[in-house]
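Here's the structure, in C-alpha cells; my notes come after.
Numbered from 1 within each chain, the chains take letters A, B, ... in sequence-line order.
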Number of protein chains: 2
Amino acid sequence: MQKQATINDVARIAGVSKRTVSRVINGSLSVGETTRTRVEKVISELKYSPNTQARGLASSRSYLLGLIYDNPDALYLDDVQRGVLEVCSNLGYELVVHPCRYRSETLVQDCLRFMQRSKLDGVIVLPPVSESETLALALKDSGSAYVRLSSVALDEAKHIVVSDDRAAAAEMARYFAQLGHEHIAFISGPQRYKSSTERMEGFQLGLSAYGIKLRPDWIIEGNNTFETGIECARQLLQVETRPTAIFANNDQMAAGVLKVAHSLGIKVPEQLSVAGFDDNMLASRVIPALTTIKRPVRQMALLATSKLIMSIENNDKAATNVAAKVAPTLVVRESTARVPGNSN
Amino acid sequence: MQKQATINDVARIAGVSKRTVSRVINGSLSVGETTRTRVEKVISELKYSPNTQARGLASSRSYLLGLIYDNPDALYLDDVQRGVLEVCSNLGYELVVHPCRYRSETLVQDCLRFMQRSKLDGVIVLPPVSESETLALALKDSGSAYVRLSSVALDEAKHIVVSDDRAAAAEMARYFAQLGHEHIAFISGPQRYKSSTERMEGFQLGLSAYGIKLRPDWIIEGNNTFETGIECARQLLQVETRPTAIFANNDQMAAGVLKVAHSLGIKVPEQLSVAGFDDNMLASRVIPALTTIKRPVRQMALLATSKLIMSIENNDKAATNVAAKVAPTLVVRESTARVPGNSN
DNA sequence: CAATTTTGTGCCACCGATGGCAAAAAGCTA
DNA sequence: TAGCTTTTTGCCATCGGTGGCACAAAATTG
C-alpha cells in the first residue's frame, strides 16, 4: 500500500505550516489567496486526503452518519442508502448502517450505544423506528443531530421529513369514488403506527367528501405483511356480499389480496378493484399490476441528509428551511377499474 | 450528553496506569489476574468504552468494515447487512455501505478511495462487483483485507464465499426433466457475469444427463431485469411451437415471463412451467408462486464476515478454514408442473 | 510617517488511545 | 539470602490532525 501523505508533507512541500494547511482544508477564511492556491496545488499533487480518525479525534467529529432502520421488507433500503450517499459523499461523510428491532426493549439503549461507539455525527431514522418518541427524546437529550422520516410531522422541521400519506390516501379515495365504488374495504396497518392511522384517516376523509362511509366491519387490521394481507382478504372476500374495491395499507398486503381473489376466482379488476401503497418493486410485477401510491423515497433521503448535515455543521436555520414535506403520488395501473354496471 | 469516561478515568480509579487498562481491553496476556478483574470492574462501572477514533489513530485500525455492492434490485441487501452485523457487533465492528456502479470506469479508484478515506479494516464485495478482477487485484495490492461473494471460486479460500449456482441449476434441470419436459428454454443473464454462465452451464449439464439439449434459439440473453424478462419471453412465446418450460436466470425475469404468459392466455403451470433463481420476495408473491432456487444469503454474509474479521486479525489460517461454499436449494412452488400428456 | 487595525501565518498543547522500553515485583535457583 | 528469570506494570513518545494564542505583515488611519 502506497504510504499516505500527511499534512506535514503537504506543509513542508508547500513551505507553510501545518496549521495553514489545516485552514485551507477546512475552508477557514483567513488564508491568503496565493498561499491557498499553492497549498491546494500541493494537496492535489500529493493526492493528500486528511486522516479521518485523527481529524475526528481532534475535532470530535467522525464524518460518519448512521442509518437506523427496521424494515421487514426493506425494499427501498437501497434507494435510501443511495440517496443518502449521494449527498454524503460530496461532503466527505460516509454512512454506517444499523438495522434494529423497533419493538425491542433495548432499542433506545442500543441505538445510543451505536452512536456513541462510532462517534457518529448524526443519524437518520427510518419508519417505523422514527415513530418512537422515546428514541427521539433520547437523541435530543444526548445532543445528537438526527432526522426522522415519517408520515407525520412529529418533530421540529429541522428534525423531520414527512411524506404526506394522509393526502395521498385521500387522493386514492377520490380515485375510487370517481370510479363509482361505494362498497369499499380498507386493510389497515398496525394501528400503533402513525403511518397506518394517517393513511386510514386520509382515506376516510377523502371518501367522506363523496358521501361514502367505510363500513366498520370492512376495516380490518393487518400487520403490513403479505401473509396478513391474505388473512384479511379472506375475511373480506369469503362472504355473501363483498366490497367492490379494497385499499390496502401497503403493496405487500395488496399482493395478498390479489392472491386470495385469484384463488376464489374473483377477477381483478373486473369484479374487484385493489390498490396498495408504497409502489415497491412488487407493485408493477404482480398480475394485474397494482394501482398504488408512490412515495418519493429517494427524494426524502436527499432532503433528510441535507438537513442532517446542515444541523451537524451548526446551521440550524438552513436545516429548518430545507423542505420538510414531500407528496406521494397516485400511480394507476391495472388492478383498479370502474364498478361494473355503474356508469357515473 | 453525559461525558464519556476516558481510559485515564479508569486508570485513576482502578489505581493502575493507562497502559495496563489498555492491556486489559485488548486482552493482552501479561496482566495479573487480580489487576485484570479490578480494572474490568471499574470499566463496567463507568460503562467505559474506548474511543474508536483514538484507538484507530494509534493502532491504525478503524473497526469499520465496508460493504461494496451494486445491485439494481437489491432485494437481499437487508439480509446481507443484517447477516454481516450479526457477526460484527459482537466483535466491535461496524458496517459502512458503499453502493457503486460496476460498469463505471472509476470503480476501482472509487472503491479504493472509499477504503482509504474511512480507513476501513476490510471490505465485503457483493456480486456482480465481486467479479471484477481488477478490483480484487487492486485490493490485494493495497494490502486490504477483503472477501468476495460469488458463484465461482475465483480467489483463494480466505477471500471468497461461493454459492454453488452451477449445482443448483443442475438440480433445476433434473427437476424439469423428471417432470417430463423436453422442450425447454433458458433466459440467461448477461454473459459477462460469471453467475450467468455458471447457471447456464449447470442447467445444460443437468439436462444432458437426461439426454436433453437446449435448442440454441431457445437460449436468450436478458439482463436480469423484469423488463428484459418480458422481452425475452415474448420472443419465446409468440411463435408457433413454444417450449413447455422456461428457466430464467433470476426471479425478476421469471416474473416477466409470467406476465407475458398471462397476457397471451398461456396457463402457468398447466401449459407452461416457469422457474426462476434467487427466491427473492417476489417469488412467493406472484401468481402462480414461482418455483425457484433459494440462495442462503444470510449464511453467506455470516461466513464472509467471519472470514474477513479473521484475516483482519491476522488469522489467515482460520479464515481459510471457514467454509467457503454454500449450496442453494430448490424451492418448488406453483409455477411448475408435469408436461401435459406425458406420464413418465 | 508613525500609530493602529486588519489580515495571514506559525508554534504548540491537546484529543484518547497504543506500543516500545525500562523498571519494579514476583518467582526460582543455588 | 543473594542472584537471576520471568511476569507485571508504568512512563512516555506517537498517531495525524485541530484550535487557541501570539506574532508578523499588510492595510488603514490620523
- Query: Near DNA chain C, under 4.0 Å by heavy atom, which residues of residues 52-66 of chain B?
  - Reply: Ala54(B), Arg55(B), Leu57(B), Ala58(B), Ser59(B)
- Scan residues 39-48 of chain A against DNA chain C and write down, sorted by residue number, each residue with any heavy atom closer than 4.0 Å; if none is found, say none. none
Lys/Arg-Asp/Glu bridge criterion (N-O < 4.0 Å) met for [X], [Y]:
| X | Y | value |
| --- | --- | --- |
| Glu133(B) | Arg148(B) | yes |
| Lys140(A) | Glu156(A) | yes |
| Arg113(B) | Asp110(B) | no |

- Message: Using modelled atom types and a 3.5 Å cut-off, is there a donor and acceptor pairing between side-chain atoms of Glu131(A) and backbone atoms of Ser195(A)?
- Response: yes
- Would you kindly say whether Arg117(A) and Tyr93(B) are connected by a side-chain donor-acceptor distance under 3.5 Å? no
- Item | No-hydrogen, no-angle side-chain donor-acceptor test under 3.5 Å, Arg55(A) and Asn26(A) | yes
- Query: Taking the six-membered ring for Trp, are Tyr102(B) and Tyr69(B) ring centroids under 6.0 Å apart?
  - Reply: no
- Message: Centroid separation under 6.0 Å, is that true for the rings of His159(B) and Tyr146(B)?
- Response: yes
- Under 4.5 Å between any side-chain heavy atoms of Pro127(B) and Ser150(B), yes or no? no
- Are Asp70(A) and Pro99(A) close enough that some pair of their side-chain heavy atoms sits under 4.5 Å apart? no
- OP1 or OP2 of dT18(D) sitting under 4.0 Å from any side-chain N/O of Ser22(A)? yes
- Verify the contact: side-chain N or O of Asn26(B) to OP1 or OP2 of dT18(C), cut-off strictly under 4.0 Å; return yes or no. yes
- Task: Give the intermediate values and the outcome of side-chain hydrogen bond (donor to acceptor under 3.5 Å, both in side chains) for residues Gln81(A) and Glu86(A).
- Result: CA-CA 8 Å; Gln81(A) 292 183 176; Glu86(A) 197 175 302; over 6 Å; no
Send over the distance from [X] [atom1] to [N] [atom2], rounded to a whole Å.
| X | N | atom1 | atom2 | value |
| --- | --- | --- | --- | --- |
| Gln116(B) | dG16(D) | CD | P | 12 Å |
| Asp9(A) | dG16(D) | CG | P | 9 Å |
| Ile7(B) | dC15(C) | CD1 | P | 14 Å |

Please list each protein N or O that sits under 3.5 Å from an N or O in nucleotides 9-11 of chain D, with the distance.
{"residue": "dT9(D)", "atom": "OP1", "partner": "Thr35(B)", "partner atom": "OG1", "Å": "2.2"}
{"residue": "dT9(D)", "atom": "OP2", "partner": "Gly32(B)", "partner atom": "N", "Å": "2.8"}
{"residue": "dT9(D)", "atom": "OP2", "partner": "Thr35(B)", "partner atom": "OG1", "Å": "3.3"}
{"residue": "dT9(D)", "atom": "O4", "partner": "Arg23(B)", "partner atom": "NH2", "Å": "3.3"}
{"residue": "dG10(D)", "atom": "OP2", "partner": "Ser17(B)", "partner atom": "N", "Å": "2.7"}
{"residue": "dG10(D)", "atom": "OP2", "partner": "Ser17(B)", "partner atom": "OG", "Å": "3.2"}
{"residue": "dG10(D)", "atom": "OP2", "partner": "Thr20(B)", "partner atom": "OG1", "Å": "2.8"}
{"residue": "dG10(D)", "atom": "O6", "partner": "Arg23(B)", "partner atom": "NH2", "Å": "2.6"}

